[in-house]
Amino acid sequence: MADFLVLGAGMVGVSSALALQAEGHTVTIIDRTDAGCETSYGNAGIIQVEAAEPYALPRDLLTLFRYSLEISNDVTWRVGGALKMAPALWSYFRHSSPQKHAKISHIYSQLTGRSTADHADLIRDSKSEHLIERNGLAMLYREPEAFEKATKKAAFLDSEYGVTSRIVDGKSYRQEEPALTADPAGVVHFNQSWSCHSPGDLTKAYCDLFLSRGGRFVSGDANTLKHTVSGWQVLTNEGDLHAENVVVALGPWSPELLKRFGYKIPMIYKRGYHGHFDTQTSLTRPFLDVENGVLAAPMTKGLRVTTGAALVPMDSPIEISQLVRGAKALNEIMDLGKKVDEPQWMGTRPCMPDMLPLVGAAPNHTGLWFHFGHGHQGFTLGPTTSDLLVKAMAGESNELIDALSPMNRLNH
């Protein structure tokens, strides 16, 4: 058995630590804050079985035009961010071709398809059942044409990947969703997905499970990582920690750290925001207001409204126009209530241009392992890709392990 340092205490890092621990390894998690306090804290809290196809970059000119002028609330951008990400965005565009996207989705659907099963034991063992709902995710459409198109897509997802759903007309769905004050055109209810009332608390519960099983959590700065003769070293509040192996699970912060070791990781940074509202009538299940690019989900702190993607640099100031537009649109079909007074949260989804996470051995360093780049699905896929990571460490090879391997995807 080996010693491991895991850098990052989000869902991906904590899941990595649990998977390594289950194999008998000695594991220490290192983070600058507590578990589940960064991106894993503020997401929409959906374990998305329905996300069998990763989000591709639209290639039709009309949609790109709408994005460029920010007519759509799905995407906002700033010139500085777009220029910094230009090579990665161009690669993303190329990987979004129908042929390449179909091949990527063949891999991705196998990951999302097992996501709830991979979470299930951890939810049980961490005593987190009270945080979980198993009643699916609704895609709400306001325009009949968009709803009709979505029903055809849902049929394809069922036949191609086994993603099940039910199609509900707007009037009927309003009867089963008392929070709505107007009839949508229709709803596609994906019934296999689960939701969580507090993704940050679930991540922390998984970390507490790791600690109860003999794991260790130490506050430290991942940016102090050094390669030594015997392995790897990180400066922490308890002094220098050493281990034979290190797992980089820092999400969007991973590329900057790895630059020092000669790795140029292309990444698209999709920032998101959330706000909570004191809605009087709780939602039956989370729903995405598709035409307005905003998701509403019941949380312990109130109704959480989460936004689409802002293509901006990591150090850009807070700018909540998407959240404001999204909340305004939601108020047309429900009474959001008063916005909760709280610090404004933002987080960044770390998206690789080929839409697959990097999971496996670093190309040029022994004992350095990559586990990041999950895009929109770090919360969904943390346990699943952690299982693949430990299998890769054991020398196993299969279609999924090979598809996610950094060895096969980075220029080195």
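These numbers come from a predicted model, not from an experiment.
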Colleague: Using ring-ring contact (aromatic ring centres under 6.0 Å, His included), reason through W232 and H242 one step at a time and then give a plain yes or no.
Modeller: CA-CA 6 Å; W232 300 89; H242 302 262; over 10 Å; no

Colleague: Output the distance between atom CG (L303) and atom CG (D278), rounded to the nearest 0.5 Å.
Modeller: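 Here the interatomic distance stands at 10.0 Å.
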
Colleague: Among residues at least two apart in sequence or on other chains, which ones pass salt bridge (charged side-chain N to carboxylate O under 4.0 Å, His left out) with D121?
Modeller: R124

Colleague: Enumerate the residue pairs fulfilling side-chain hydrogen bond (donor to acceptor under 3.5 Å, both in side chains) with a member in residues 85-94, sequence neighbours excluded, ordered by first and then second residue.
Modeller: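 Of all non-adjacent pairs touching residues 85-94, those that pass side-chain hydrogen bond (donor to acceptor under 3.5 Å, both in side chains) are S91-H95, Y92-K270.
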
Colleague: Hey, what do you get for OG (S105) to CG (L111), rounding to the nearest 0.5 Å?
Modeller: 11.0 Å

Colleague: Consider only side-chain N and O atoms of R349 and H374, and report whether a donor and an acceptor are under 3.5 Å apart.
Modeller: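 Looking only at side-chain atoms, H374 and R349 do not form any donor-acceptor pair under 3.5 Å.
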
Colleague: With S97, which residues qualify under side chain to side chain contact (heavy atoms under 4.5 Å, CB included), at least two apart?
Modeller: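 For S97 the side chain to side chain contact (heavy atoms under 4.5 Å, CB included) partners, ignoring immediate neighbours, are R59, Q99, K100.
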
Colleague: Identify each donor-acceptor pair in which a side-chain atom of residues 308-324 lies under 3.5 Å from a protein atom, sequence neighbours left out, and give them as a table.
Modeller:
from, atom 1, to, atom 2, distance (Å)
S316, OG, P313, O, 3.1
E319, OE1, R78, NH2, 3.2
E319, OE1, S321, OG, 2.9
E319, OE2, S321, N, 3.3
Q322, OE1, T76, OG1, 3.3
Q322, NE2, N73, O, 3.1
Q322, NE2, D74, O, 3.4
Q322, NE2, A309, O, 3.2

Colleague: Tell me, please, which residues at least two apart from S386 pass side chain to side chain contact (heavy atoms under 4.5 Å, CB included).
Modeller: S15, S16, A19, H371

Colleague: Suppose we screen for side chain to side chain contact (heavy atoms under 4.5 Å, CB included). Which residues come up paired with A146, at least two apart in sequence or across chains?
Modeller: Y141, E143, E291

Colleague: Rounded at 0.5 Å granularity, tell me how far CG in L202 sits from SG in C196.
Modeller: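 If I round to the nearest 0.5 Å, the distance is 4.5 Å.
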
Colleague: Without swapping roles, check the side chain of Q233 against the backbone of D240 for a donor-acceptor pair under 3.5 Å.
Modeller: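 Checked: no pair found.
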
Colleague: D221 and R32: salt bridge (charged side-chain N to carboxylate O under 4.0 Å, His left out), yes or no, with the steps?
Modeller: CA-CA 6 Å; D221 183 1; R32 62 187 178 184; over 6 Å; no

Colleague: Distance only, no hydrogens: is a donor on one side chain within 3.5 Å (strictly under) of an acceptor on the other, for Q192 and E50?
Modeller: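 Result is no, nothing qualifies.
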
Colleague: Does any non-hydrogen side-chain atom of P199 lie less than 4.5 Å from one of S40?
Modeller: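 Of all side-chain heavy-atom pairs linking P199 with S40, none is under 4.5 Å.
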
Colleague: For F261 and H227, I'd like to know if the aromatic rings sit close, meaning centre-to-centre distance below 6.0 Å.
Modeller: no

Colleague: Quick one: do R285 and E176 make a salt bridge, cutoff under 4.0 Å?
Modeller: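 Yes, charged N to carboxylate O under 4.0 Å.
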
Colleague: Once side-chain hydrogen bond (donor to acceptor under 3.5 Å, both in side chains) is applied, do any residues pair with R213, and if so which ones, sequence neighbours excluded?
Modeller: D125

Colleague: Go through the structure and list residues passing side chain to side chain contact (heavy atoms under 4.5 Å, CB included) with T366, not counting sequence neighbours.
Modeller: none

Colleague: Under a plain distance cut-off of 3.5 Å, with no hydrogens placed, do D402 and S397 share a side-chain donor-acceptor pair?
Modeller: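 Yes, because at least one side-chain N or O of S397 sits under 3.5 Å from a partner of the opposite role on D402.
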
Colleague: Walk me through it: do T164 and D158 pass the test side-chain hydrogen bond (donor to acceptor under 3.5 Å, both in side chains)?
Modeller: CA-CA 5 Å; T164 62; D158 189 2; over 6 Å; no

Colleague: Using the ring centroid of each side chain, check whether Y263 and F370 are separated by less than 6.0 Å.
Modeller: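 Close enough - the centres of the two rings lie under 6.0 Å apart.
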
Colleague: So how far is it from L131 CG to T300 OG1, rounded to the nearest 0.5 Å?
Modeller: 7.5 Å

Colleague: Taking side chain as C-beta onward, heavy atoms only, is V12 less than 4.5 Å from L381?
Modeller: no

Colleague: What residue pairs, at least two apart or across chains, pass ring-ring contact (aromatic ring centres under 6.0 Å, His included) with a residue in residues 6-33?
Modeller: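 The answer is F4-H25.
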
Colleague: Nearest 0.5 Å, what's the CG-CZ distance between L288 and F190?
Modeller: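 These two atoms lie 10.5 Å from each other.
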
Colleague: What verdict does the side-chain contact (heavy atoms from CB on, under 4.5 Å) test give for N292 and L330, after you've listed the backbone C-alpha separation in whole Å, the side-chain angles of each residue and the deciding distance to 0.1 Å?
Modeller: CA-CA 8 Å; N292 292 290; L330 285 174; over 6 Å; no

Colleague: E129: what forms a salt bridge (charged side-chain N to carboxylate O under 4.0 Å, His left out) with it, not counting sequence neighbours?
Modeller: R134

Colleague: Ring pair (Phe, Tyr, Trp, His ring centres under 6.0 Å) with H274: which residues, sequence neighbours excluded?
Modeller: Y41, H276, W345

Colleague: What donor-acceptor contacts under 3.5 angstrom involve side-chain atoms of residues 247-254, with partners at least two apart or in another chain?
Modeller:
from, atom 1, to, atom 2, distance (Å)
S254, OG, L250, N, 3.2
S254, OG, G251, N, 3.3
S254, OG, G251, O, 3.0

Colleague: Can you list the steps and then say if Y161 with E53 is a side-chain hydrogen bond (donor to acceptor under 3.5 Å, both in side chains)?
Modeller: CA-CA 9 Å; Y161 309 114; E53 296 185 335; 3.0 Å; yes

Colleague: Between D118 and T384, do the side chains contain an N or O donor and an N or O acceptor separated by less than 3.5 Å?
Modeller: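 On atom types as modelled, these side chains qualify, holding a pair under 3.5 Å.
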
